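This structure is a prediction, so every number in the text was calculated from the model and none was measured. Atoms within a ligand are numbered from 1 in the order they appear, just like the ligands themselves. For the single chain, residues carry numbers from 1 onward in sequence order. Just so it is clear, the values below take in all heavy atoms, side chains as well, and ignore hydrogens, waters and symmetry mates.
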Amino acid sequence: MNAGRFAPSPSADLHIGNLRTAVLAWLFARSTRRRFVMRVEDLDDRTSADIATRQLADLAAIGVTWDGPAEWQSEHAQRYDDVIASLESRGLLYECYCSRRDIAQAPRAPHAPQGAYPGTCRDLSDAQRRQRRAETGRPPALRLRTDTFTYTVEDLLHGRYTGIVDDFVVRRGDGVAAYNLAVVVDDAAQRIDQVVRGDDLLASSPRQAYLARLLGYPEPTYAHVPLVLNEDGARLAKRDGAVTLAEIGVERALGQIAGSLGWPTATDLEALLAVFDPARLPRQPWIYRPA
Ligand code: GLU
């Protein structure tokens with residue numbers, strides 16, 4: 001064990017907020033003498049190898065270093081299939097024929113929290129399954145048969161956090177591993193015990209920790225760091241102006257990140273590492289104003 005990581009999805013160039021999260025993940029790992037690994041999360045159709053290559057180049061340019069070559073999720077299909085087969089053999093998976101619309105319109109079970117899968121396909125008979133398969137005419141997704149509605153994780157910034165665990169998808173209808181499964185399986189395979197990422201993913205962590213426990217993996221330590229917002233309080237995006245490294249420049253980007261963390265005089269990552277103190281991290285989102 002003992003590694004931290006950064007796991008970008010190559011659907012767009014990294015913006016200053018993503019770079020800041022990567023710097024924080026690196027600082028958390030290096031300040032605790034962990035290895036730091038890089039993982040390209042390219043399972044989605046919207047991702048591209050060109051963007052991934054630019055992301056890795058940008059990370060290297062600001063001084064983020066990682067141990068070993070970057071791993072690519074698109075090369076891990078066998079790893080995911082093996083875990084899915086093991087869950088299947090334990091009777092923990094079921095086919096789901098629901099479209100997004102079916103889920104939105106389905107009545108919710110009395111105990112199911114808002115935002116949870118309503119359980120429509122959980123207890124179908126074999127005959128009902130055959131019928132649903134024939135009706136929908138598309139390959140089903142696979143969902144995990146969970147035995148709880150919530151799970152609690154420990155987060156270095158948020159403390160004890162309890163969130164929804166529903167029967168989430170582990171394999172999409174197109175046969176590709178779902179995000180929540182791939183993250184958990186890869187974190188274990190890469191021996192990651194410290195997960196630092198944007199706090200938009202805090203709500204996913206109970207599902208992931210629950211699955212990790214089910215698979216007998218140790219649960220990682222989490223630190224969900226505040227996102228970067230634009231002046232309107234919305235998540236920073238490309239349309240907000242000059243937000244990528246190509247637009248900002250390495251030196252200025254480093255200055256902005258160091259300033260946002262409260263160490264305006266640090267000019268590179270080693271200098272930041274020398275002063276880094278997780279207890280002093282700003283807990284509020286960073287409002288970014290492109291020059
Ligand atoms: N690939 C995800 C993203 O870029 C991050 C996943 C994770 O850190 O667990 O939003």
Side-chain angles (χ1 to χ4, degrees), residues 3-29 34-59 64 66 70-76 79-80 83 151 153-158 161 163-165 168-170 172 176-212 215 217-229 234-238 243-245 285:
R5 44 68 149 194
F6 187 61
S9 299
S11 50
D13 286 332
L14 296 173
H15 61 53
I16 186 77
N18 308 131
L19 292 168
R20 180 188 192 246
T21 301
V23 166
L24 280 170
W26 183 91
L27 288 169
F28 268 97
R34 284 178 163 85
R35 289 180 302 118
F36 192 65
V37 300
M38 192 56 69
R39 184 170 72 233
V40 178
E41 302 213 318
D42 58 339
L43 292 182
D44 207 296
D45 296 342
R46 288 164 299 186
T47 58
S48 97
D50 281 355
I51 295 176
T53 305
R54 281 206 301 279
Q55 291 184 328
L56 297 179
D58 284 356
L59 290 162
V64 173
W66 55 92
E71 290 201 6
W72 296 62
Q73 287 194 320
S74 54
E75 293 172 0
H76 295 170
R79 184 187 279 181
Y80 307 139
V83 172
Y151 195 76
V153 296
E154 289 288 341
D155 185 284
L156 292 176
L157 302 183
H158 295 264
Y161 172 81
I164 295 175
V165 176
F168 58 90
V169 172
V170 296
R172 305 180 331 213
V176 177
Y179 159 68
N180 280 316
L181 179 111
V183 162
V184 170
V185 171
D186 283 339
D187 281 348
Q190 291 184 281
R191 304 170 67 78
I192 286 157
D193 69 344
Q194 183 188 59
V195 171
V196 178
R197 58 188 178 187
D199 62 13
D200 54 328
L201 290 169
L202 178 63
S204 302
S205 57
R207 290 184 178 88
Q208 294 170 8
Y210 174 87
L211 178 59
L215 292 169
Y217 304 154
E219 279 177 34
T221 303
Y222 293 100
H224 287 89
V225 301
L227 286 184
V228 179
L229 306 179
R235 233 196 251 204
L236 193 69
K238 188 123 186 101
V243 293
T244 64
L245 198 62

How many angstroms lie between atom CZ of R34 and atom CZ of R191, to the nearest 0.5 angstrom?
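That separation rounds to 13.0 Å.
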How long is the straight-line distance from CZ of R39 back to CD1 of I192, given to the nearest 0.5 Å?
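Taking CD1 in I192 and CZ in R39, the distance rounds to 5.0 Å.
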Top protein contact for [atom], by heavy-atom distance:
| atom | result |
| --- | --- |
| atom 5 (C) of ligand 1 | A7 O, 3.4 Å |
| atom 7 (C) of ligand 1 | R5 NH1, 3.2 Å |
| atom 3 (C) of ligand 1 | S9 OG, 3.5 Å |
| atom 1 (N) of ligand 1 | E41 OE1, 2.6 Å |
| atom 10 (O) of ligand 1 | L201 CD1, 4.0 Å |

Below 30° counts as parallel, above 60° as perpendicular, anything between as tilted: where do the rings of H224 and Y222 land?
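Ring orientation, 0 to 90° scale: parallel.
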Kindly give the heavy-atom pair with the smallest separation between Y161 and A203, and that separation in Å.
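Distance-wise, the nearest heavy atoms are OH-CA, 3.5 Å.
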Applying salt bridge (Lys or Arg N to Asp or Glu O under 4.0 Å), can you list everything that pairs with R79, at least two apart in sequence or on another chain?
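Salt bridge (Lys or Arg N to Asp or Glu O under 4.0 Å) list for R79, sorted by chain: E71, D186.
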With a 3.5 Å distance limit and no angle check, can you tell me whether D42 reaches the backbone of S74 through a side-chain donor-acceptor pair?
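Pair found, side chain donor or acceptor close to backbone of S74.
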Look at ligand 1 and say whether F6 reaches it with a heavy atom at a distance under 4.0 Å.
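For ligand 1, residue contact (heavy atoms, under 4.0 Å) with F6 is absent.
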Using a 4.0 Å cut-off to any heavy atom of R197, which atoms of ligand 1 qualify?
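It comes down to these atoms of ligand 1: 7 (C), 8 (O), 9 (O).
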